Number of protein chains: 2
Amino acid sequence: MNIGDVARLSGLPAKTIRYYEDIGLVDPLRSSNGYRAFRENDLHKLAFLGRARSLGFTIDDCRSLMRLYEDHERASADVKRIVLEHLGRIDQKIEELSEMRATLAHLAEACAGDHRPDCPILADLAADPETASGHLKNDDGRPT
Amino acid sequence: MNIGDVARLSGLPAKTIRYYEDIGLVDPLRSSNGYRAFRENDLHKLAFLGRARSLGFTIDDCRSLMRLYEDHERASADVKRIVLEHLGRIDQKIEELSEMRATLAHLAEACAGDHRPDCPILADLAADPETASGHLKNDDGRPT
DNA sequence: CTTGACCTTACAGTTGGTGGAAGGATTACC
DNA sequence: GGTAATCCTTCCACCAACTGTAAGGTCAAG
């Protein structure tokens, strides 16, 4: 199989596949014309990588997961640990984004969004840290 | 004020402040010794930038927001539009992460996480797209 | 025999900074 | 006045995980 074939079959761009070879995630053979020659196994690996990446695993995670995948003596605990760590990172990210979301939603709500220049959003962004968005979360002046 | 002072006051690393000058977000004066000389206004700008960045705005957004901040003829609608667009991107990101989270949580739950090599996580990652994690979402074999 | 689709490598750019080296300026202290 | 510590300067390289582009080699169809 040429790179175009595995690209179609795996759903990964050819560029990405070349990149994955570059960083040692796959290692296709070479035809006499210099073209990469992928085996079934390479295709499987690439599909594995694509799925893992789509679940947000880092390339480094992918490397570990692939190693475990190919090691039939592995302990499932090792796999689970990677997943749970990743899950923790995702939860943290969701947490951060939700906080941003809440603040931004408050700000957007407070802004008239018309032709006038008065804008609580800009006022908040310009406020010193003590004040910033605190007056929208609790409006009685107590420190947050 | 030297860069160390504004770094302390704004909470931004000196490196970041230099970078912001590099990309044209601030434009401090220079003392005769070549040191950057920040005015009050520069400090305000940097604090503004720090707050906007902490809310997840891109540097490009920050540029637009700063322009609007400094334009006293602005329409608050322009500010609100930027915020709402950003809010949309955040919601999308949260959505994506939540989907990942759900899939990963299912997988982790299904995995014994012990010394044995059997691992539904690896099985899922290796499965072809038709099957992948679908069998965990609906276990009757219907296509998802 | 040429056209077009495919393949190759290599280098630059993306985002938003961070780290480090090499060297000049200033301040503190003896 | 010397010197050590702390600032400050510029410049270049690096992070993730690709993506874009250029310049060129290969192959199958008509």
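On a predicted model such as this, the values are computed, not experimentally measured, just so you know.
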- prompt: For A/Ile3, which contact category applies under a 4.0 Å heavy-atom criterion: base, sugar-phosphate, or nothing?
  reply: sugar-phosphate

field: D/dT19 OP1/OP2 closer than 4.0 Å to side-chain N/O of A/Thr16
entry: yes

message: Just the rounded figure in Å: distance from C1' of C/dA21 to CZ of B/Arg18.
response: 14 Å

statement: With sequence neighbours left out, the residues meeting side chain to side chain contact (heavy atoms under 4.5 Å, CB included) with A/Ser98 are A/Ile94, B/Ile94

query: What is the distance, rounded to the nearest whole Å, between atom CG of A/Asn2 and atom C1' of D/dT26?
result: 10 Å

field: Carboxylate-amine/guanidinium contact A/Arg39 A/Asp42, below 4.0 Å
entry: yes

query: Would A/Arg101 and B/Glu95 pass as an ion pair if we require N to O under 4.0 Å?
result: no

query: When the distance from CG of B/Asp22 to P of D/dA13 is rounded to whole Å, what number comes out?
result: 15 Å

task: Check side chain to side chain contact (heavy atoms under 4.5 Å, CB included) between B/Arg116 and all other residues, then give those that pass, not counting sequence neighbours.
output: B/Ala112, B/Asp114, B/Asp118

field: For atom CD of A/Glu21 and atom C1' of D/dA17, their distance in whole Å
entry: 17 Å

field: Close side-chain approach of B/Leu29 to B/Arg36, heavy-atom, < 4.5 Å
entry: no

- request: Inspect the contact between A/Glu21 and A/Arg30 and indicate whether a charged nitrogen and a carboxylate oxygen are less than 4.0 angstrom apart.
  value: yes

field: Ionic contact status for A/Arg74 with A/Asp71, cut-off 4.0 Å
entry: no

Whole angstrom value for the distance that separates P of D/dC18 from CG of A/Leu12: 8 Å

task: Give, ordered by number, those residues of residues 27-39 of chain B having at least one heavy-atom distance below 4.0 Å to an atom of DNA chain D; if nothing qualifies, reply none.
output: B/Arg30, B/Gly34, B/Tyr35, B/Arg36

query: What is the distance, rounded to the nearest whole Å, between atom CE of A/Met1 and atom P of C/dC7?
result: 12 Å

Donor-acceptor pairs under 3.5 angstrom involving side-chain atoms of residues 9-17 of chain B: please list them, not counting sequence neighbours.
| unit_1 | atom_1 | unit_2 | atom_2 | d |
| --- | --- | --- | --- | --- |
| B/Ser10 | OG | B/Val6 | O | 2.7 |
| B/Ser10 | OG | B/Leu12 | N | 3.2 |

Detail all sub-3.5 Å separations between protein N/O atoms and N/O atoms belonging to nucleotides 11-16 of chain C.
| unit_1 | atom_1 | unit_2 | atom_2 | d |
| --- | --- | --- | --- | --- |
| C/dG16 | O3' | B/Arg53 | NH2 | 3.2 |

task: Go through the structure and list residues passing side chain to side chain contact (heavy atoms under 4.5 Å, CB included) with B/Glu85, not counting sequence neighbours.
output: B/Arg81, B/Arg89

